[in-house]
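Below, chains carry the letters A, B, ... as their sequence lines are ordered, and counting in each starts from 1. FYI, side chains are in, hydrogens and waters are out, and symmetry mates aren't considered; it's all heavy atoms of this structure.
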There are 2 protein chains.
Amino acid sequence: MVARVPKFSRIQPEMRREELVDATLRCLAQHGHAGVSVRKIAAAAGVSIGLINHYYPSVDQLISHAYEKLSGGIAAHLMEVSAGGATPRESLSLFIRESFGPGIFDPPMLGVWVVFWSMVRHSADMQAVQQRTYAQYRQVLERYLGDLAGDSGLPPVNIQAAATALNALLDGLWLTWCLNPKDFSVEEGIAMCEGWVDAFAAGAFAARLNIPGR
Amino acid sequence: MVARVPKFSRIQPEMRREELVDATLRCLAQHGHAGVSVRKIAAAAGVSIGLINHYYPSVDQLISHAYEKLSGGIAAHLMEVSAGGATPRESLSLFIRESFGPGIFDPPMLGVWVVFWSMVRHSADMQAVQQRTYAQYRQVLERYLGDLAGDSGLPPVNIQAAATALNALLDGLWLTWCLNPKDFSVEEGIAMCEGWVDAFAAGAFAARLNIPGR
DNA sequence: ATGCTTATTGAACATTCGTGCAAGAGCGCT
DNA sequence: AGCGCTCTTGCACGAATGTTCAATAAGCAT
């Protein structure tokens, strides 16, 4: 008497998509650009090669969905955490500290983003995801920085430019650190960002980031 | 009477290497990751497929040399330009403005760097180039920032951390702008960096970037 | 139980890739 | 003028790629 053992299991399409996207992210983190491979992703997800094209017309669309999930997930997480701050200044500190947390500050993650960035220029889908998620990020920072400037009674400042700069500082530190984690410690990175916010709150950028903007 | 027209010309090995490296950079700028291809590079250089492996044992070494040339060239250029400043503060302004200049602030360049970064984690050669050129960049900034802090009579500050932060701000703005040049103008980017240097010169970061460092 | 829907499989296809290698030819040297 | 070094060529090879598609079988409904 032999027990029936199914060769595979059918699961709900949405769950399967989720699994495929997760496998994609794992693949990119491990293999970098070489992870953009139907066969590698299929192996990582434990499914057959053909299943991927059943759910995604092309591998590019799978990557695009993975981009959306990762980027959206991080943005949502940062928003949720920073919302716990009692003041704008405190929210910014939470946002900064969480940006340096595990799952974000992680060298293999560079391999993932590098793939995404390399596709932005040639894919309209990727470009759309990039612009949408970046705007989301920046708006959060704009709100906190705007409130902080209001609380501090600062002269009018180009908040959008300030948010762009803080975001760039975060991104640049992340990039530098992922390329060589020995360059500086996470705590030092946080201190650099906190210093920037302190300077902002003290009105140090008012002279350069005056309002006209665009 | 038929004029002799050579099928190809022999040139000095060094010049040929130069041509191959230039073709590589052009390829990466145009095709991104797809430009990492012996055939595409050979076509861009106007030579046969086999010639590349004659000069470089593997395509990875060609990319590595291209990385070294591009990175070293930019570093040398920035050093040369910024050396023209009469004061450390002026040198920093020149460094910043030149960092936003053409040839650096250029969206296709993102495709080049993205390829380099994707290889740093898996190639010891690329890692070595990365660390060497990054240290070179930062040392220049450290010198100017150190002199500026001395001139301003600031309390002791972790200059290395400050240079890391300014470099990260530059990199982050570059990345953001290359992904979407409409986000902000070059002049705004320069203003953000100048504002950071102003704040540094005013001692705004002294409290966070205190000396112990590491 | 039986049938139906369709999620899932895996082989097949045409491309493209990097590298190896023997043949060819440019160009300096005698 | 012709020898010879080696730069240069381009075909050949195996491996890996994305996509297609007919066949299979899981799991729900009847």
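For the pair B:Ile41 CD1 and D:dG10 P, the computed distance is 18 Å after rounding to whole Å. The CD1 atom of A:Ile11 sits 6 Å away from the P atom of C:dT8 (whole-angstrom rounding). One atom, CZ of B:Arg16, and another, P of D:dT8, lie 4 Å apart when rounded to the nearest Å. Residue A:Asn53 contributes atom CG, which lies 15 Å from atom P of C:dA7 at whole-angstrom precision. In this entry the distance linking CG of B:Leu62 with C1' of C:dC17 reads 15 Å, nearest Å. Atom pair B:Met15:CE and D:dT6:P shows a separation of 20 Å (rounding to whole Å applied). With rounding to whole Å, B:Arg17 atom CZ is found 15 Å from D:dT8 atom C1'. Rounded to whole Å, atom P of D:dT24 lies 18 Å from atom CG of A:Leu51.
Considering only heavy atoms from C-beta on, B:Ser99 stays 4.5 Å or farther from B:Phe105 through its side chain. Taking 4.5 Å as the limit, every side-chain heavy atom of B:Asp125 sits out of range of all side-chain heavy atoms of B:Asp60. Considering only heavy atoms from C-beta on, B:Asn180 stays 4.5 Å or farther from A:Tyr134 through its side chain.
Regarding contacts with the backbone of C:dT8, a side-chain N or O of A:Tyr55 is found under 4.0 angstrom from either OP1 or OP2. Not one side-chain nitrogen or oxygen of A:Arg10 sits closer than 4.0 Å to the OP1 or OP2 atom of D:dC28. Residue A:Ser9 places no side-chain N or O under 4.0 Å from the OP1 or OP2 atom of C:dA7. For A:Lys40 and D:dA16, the shortest distance from a side-chain N or O to OP1 or OP2 is not below 4.0 Å. The phosphate of D:dG10 (OP1 or OP2) has no side-chain N or O of B:Arg39 nearer than 4.0 angstrom. Not one side-chain nitrogen or oxygen of A:His54 sits closer than 4.0 Å to the OP1 or OP2 atom of C:dT8.
Screening A:Asp171, A:Leu179, A:Leu173 against A:Leu175 for a side-chain contact (heavy atoms from CB on, under 4.5 Å) leaves a single residue, A:Leu179.
The residue among A:Ser48 and B:Asp60 whose nearest nucleotide of DNA chain C is located toward the 5' end is A:Ser48. When the nearest nucleotides of DNA chain D are assigned to B:Ile52 and A:Ser37 by heavy-atom distance, the more 5′-ward of the two goes with B:Ile52.
Counting non-hydrogen atoms under 4.0 angstrom, A:Val38 reaches a base of the nucleic acid.
With salt bridges taken as basic N to acidic carboxylate O contacts below 4.0 Å, none links B:Glu14 and B:Arg17.
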